[in-house]
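For reference, the structure is listed below as structure tokens.
As a basis for the values below, the full set of heavy atoms in this structure was taken, side chains included, without hydrogen atoms, waters or symmetry mates.
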Amino acid sequence: MFEALIAGLGQVLSWPAIGLMFVGIGAGFVVGILPGIGGATALALMMPFIFKMEPAEAFAFLLGMSSVVAMTGEITSILFGVPGEPVTAATIVDGHPMAKQGQAGRALGAALFGALIGALVGAVSLMVTIPIVQPFLRSFGSPEFLMFAVLGIAFISSLTGRSPVKGFAAAGLGLLLATVGQAPGTSELRYTFGQLYLWEGIRIVPATLGLFAIPELIDLAVHRTSIARRDVGALGGLREGFLDVLRHKGLTLRACIIGIVVGVAPGIGGNGAQWVAYGHAVQSSRDPKRFGHGAVEGVIAPAIASAGERTSALIPTVAFGIPGNVSTAVLLGAFIIQGLVPGREMLTRNLAITFGMAWTMMLANIIAIVIILLLAKQLVAITRIRGALLIPPLVLLVFLGAYAERNTLFDVVVALLFGAVGLVMVRLDWPRAPMILGLVLGQTIESYLSLSVNRYEFEWLLRPLVLVFIALSLLVALSPYLTAWRQRRKPAPA
Amino acid sequence: MSGDGSRRWLADLVFAASLAVVFGYAIYAALGFAENTKLFPLAIAIPSFLLALGQVALSLRARGGAPAERTDADEPDALAPSERTRRTAIACAWVLGMFAAVYLLGFLVAIPLAALAYLRLGARERWAPSIGVGAFCWALVYGLFDRVLHVPLPPGVLLSALGVS
């Protein structure tokens, strides 16, 4: 274990992994500070670049980027009241009023230092969890892995959208699309409509690019946003913000715990973590009336929880192949591109890579803080870029990203088709994450199902752990309805 | 229900019904597969078909109920629905146009031209930033993808036919 820990650090610090991590951090800065391009979209856009990389390099690049995206997103949230990332929206509530009161530097200091602490604690939790998860995984067979994947899909489908029915139907569509092409084992063609192109199935990269990136860039074009609509004053007081985090030790600790717990539970994501932490900060305050008008605790708690959630979301992703949030759902595609199978192998044979991920997130956050402190004013200037100027390079990245995997324009057509579906889903409030998760996990689930049936026929359904997972999946699937039913039964206030 | 709410309701209903058709077809096609091959598609398509039908039923029940939710769930915007639809159609047309340009002219020629055209005609940008972004895009295609990553870029159908590439 200790050797793997050191080997993981060595992998991250070796060339070219460290260089690629810096490239990722640079890209993360730009993406994070520009509203409109989310972390998941950025990950999707960068996916084609990792084909020729080694696993350690690929994850240094991708995680280096994704771990600073939200941290820099805090800048636009606080300074302009525009969330740089959806996961930094809660920071606006008190961070932006602080900026308006001339305390922008203090709010930024609190948010950034809080995010750093959250990320570090999350990364340590990832490292500490591995010895606990390893023996647990050894007791798993194909049926348990199958049901765990089903549980993950149930979580994402049930909790990421407003309607669980839509979530599950979207997941079903993703799983069904994963069956296109030659069937594993029999090589029989399924749903190929006589098209040679479909024999190899639907590729994850064009599908992810289309589903996530195209709707965002269409949205950018529709809104014609000028990112920074207001001017910002001096950025003094960063140190004061850092000290604020240390002054509120209890809140810092509790926000860390909230972040980690939400991260480990698949499907809730950073959006949930930040608001839960913000609510807790209000609830636990002696003077809740200050919140919404510039209370620094309202900046600290969501920043910490959101960063902790991002890092700890890797725990279920790596250990079980069940993504903790939308970004890790997209990141699962990177595992497949790199030929890595989340689960047992990531905690045994590829343990150094897993530790390397945790090291990357720690290092990337520390480096990001240093760069932000040095370049805060210049970074703010990036937000003055007009949205329209970003569209051609983004379209180019989508097209070339989709094309570059197999060098065929058909993949670009697939990206466009998925883009159209993604756009409709966004407009009609259908969640996209379950669909991409279904597509990513489809083949794995089918192989576990096939192994389970071949080995145990249908008796695998009666294995004790399988029954537990079935019960949990049903509970998760029905939980929104149970919550609604309980709320309806509550007597109305007089 | 408002005009916008009604249109959104109908679109939601059509989308759910389309999914039901897709899942229905998947079940029908899977019945013709070999025993081992059809297990997974059927295990997915049957419950998904029922879910899609359930969503159709939910949509039908919602008709005449509360106004539909916002079209963009994540961020508020001040655009009128008709203006939003118009701009979406224009943006989609530009993206499709860029793909058509790539197909006909290849990445190296099409991308800078499409970038310039979009920024000048679509976004009404000034010449300097338009040329700058066009040049940046060309540098990205040529420098990164062609020279560094050695991605074999297609020459473009039109240019090939003309014998230019």
Side-chain angles (χ1 to χ4, degrees), chain A residues 49 52 83 86 161-163 165-166 168-173 175-176 179 183 185-186 188 190-191 214 217-224 386 388-389 391-393 395-400 403-404 407 409 412-413 416 419-420 423-430 438 442 445-446 449-450 453-454, chain B residues 8 11-12 15-16 19 22-23 26 29-30 33-34 36-37 39-41 43-45 47-48 51-52 54-55 58 69 71-75 77 79 84 87-88 90-92 94-96 98-99 102-103 107 111 114-115 118-119 122-123 125 129 133-134 136-137 140-141 145 149 151-152 154:
Chain A
F49 293 103
K52 291 183 180 172
R162 295 184 191 188
S163 158
V165 175
K166 286 182 175 180
F168 280 102
L173 184 60
L175 287 164
L176 189 66
T179 66
T186 63
E188 187 179 348
R190 296 186 297 203
Y191 310 120
I214 289 180
L217 69 89
I218 295 285
D219 221 38
L220 205 60
V222 167
H223 287 287
R224 296 176 187 169
R386 289 183 295 283
L389 298 177
I391 290 169
V395 172
L396 168 66
L397 279 179
V398 169
F399 283 5
L400 272 171
Y403 171 83
N407 304 327
L409 283 176
V412 185
V413 175
L416 290 171
L423 192 62
V424 172
M425 290 175 88
V426 170
R427 293 288 157 90
L428 298 177
D429 213 6
W430 284 69
I445 292 181
E446 180 166 16
L449 178 67
S450 173
V453 172
N454 287 341
Chain B
R8 195 178 127 77
D12 200 43
F15 189 69
L19 280 186
V22 169
F23 290 130
F33 298 153
N36 282 344
T37 315
L39 175 66
F40 187 62
I44 297 304
S48 301
L51 281 167
Q55 183 57 41
L58 285 173
E69 290 170 51
T71 50
D72 191 333
D74 295 326
E75 56 184 77
D77 66 59
L79 284 178
R84 187 185 167 87
R87 287 191 191 182
T88 302
I90 292 171
C92 289
W94 272 107
V95 172
L96 289 176
M98 286 181 190
F99 174 71
V102 166
Y103 178 71
F107 278 102
I111 287 295
Y118 171 74
L119 291 173
E125 285 288 340
V133 171
F136 171 76
C137 289
L140 203 64
V141 178
F145 285 89
L149 297 174
V151 175

For residues [X] and [Y], report the shortest heavy-atom separation together with the two atoms involved.
X: A:Ala388; Y: B:Leu119; answer: O-CD2, 3.4 Å
X: B:Thr88; Y: A:Arg427; answer: OG1-NH1, 2.9 Å
X: A:Leu176; Y: B:Pro41; answer: CD1-O, 4.3 Å
X: A:Tyr191; Y: B:Ala30; answer: OH-CB, 3.6 Å
X: A:Ala221; Y: B:Tyr118; answer: CB-OH, 3.8 Å

Side chain, backbone, both or neither of [X] within contact of chain B (heavy atoms, under 4.5 Å):
X: A:Lys52; result: side chain
X: A:Val398; result: neither
X: A:Leu423; result: side chain

Given side chains that start at C-beta, do those of [X] and [Y] come closer than 4.5 Å, heavy atoms only?
X: A:Val412; Y: B:Tyr103; answer: no
X: A:Ile391; Y: B:Val133; answer: no
X: B:Phe40; Y: A:Ser450; answer: no
X: B:Leu39; Y: A:Glu446; answer: no
X: A:Tyr403; Y: B:Val102; answer: no
X: A:Asp429; Y: B:Arg8; answer: yes
X: B:Arg84; Y: A:Asp219; answer: yes

Applying side chain to side chain contact (heavy atoms under 4.5 Å, CB included) to B:Ser48 and A:Leu173, what does each step give before you reach the verdict? CA-CA 8 Å; B:Ser48 301; A:Leu173 184 60; over 6 Å; no
Evaluate the side chain to side chain contact (heavy atoms under 4.5 Å, CB included) criterion for residues B:Phe33 and A:Thr186: first the C-alpha distance (whole Å), next the side-chain angles of each, then the deciding distance (0.1 Å), finally the verdict. CA-CA 10 Å; B:Phe33 298 153; A:Thr186 63; over 6 Å; no
Most chain B-contacting option - heavy-atom pairs closer than 4.5 Å, from A:Leu449, A:Leu400, A:Leu409, A:Leu416: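 Of the options given, most contacts go to A:Leu400.
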Residue among A:Gly172, A:Ala169, A:Gly438 with most heavy-atom pairs under 4.5 Å to chain B: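 Of the candidates given, the most pairs with chain B belong to A:Gly172.
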Drop me the distance from A:Glu188's CD to B:Asn36's CG, to the nearest 0.5 angstrom.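 If we round to the nearest 0.5 Å, A:Glu188:CD and B:Asn36:CG are 9.5 Å apart.
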Show the numbers, then the answer: is there a side chain to side chain contact (heavy atoms under 4.5 Å, CB included) between A:Val395 and B:Trp94? CA-CA 10 Å; A:Val395 172; B:Trp94 272 107; over 6 Å; no
Parallel under 30°, tilted from 30 to 60°, perpendicular over 60°: which one fits the rings of A:Phe49 and B:Phe145?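 Tilted, since the angle between the ring planes falls between 30° and 60°.
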Donor-acceptor pair, B:Gln55 side chain versus A:Val165 backbone, under 3.5 Å?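 The answer is no, because no donor-acceptor pair under 3.5 Å joins these two groups.
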Pair A:Ile218-B:Arg87, side chain to side chain contact (heavy atoms under 4.5 Å, CB included): steps then yes or no: CA-CA 9 Å; A:Ile218 295 285; B:Arg87 287 191 191 182; over 6 Å; no
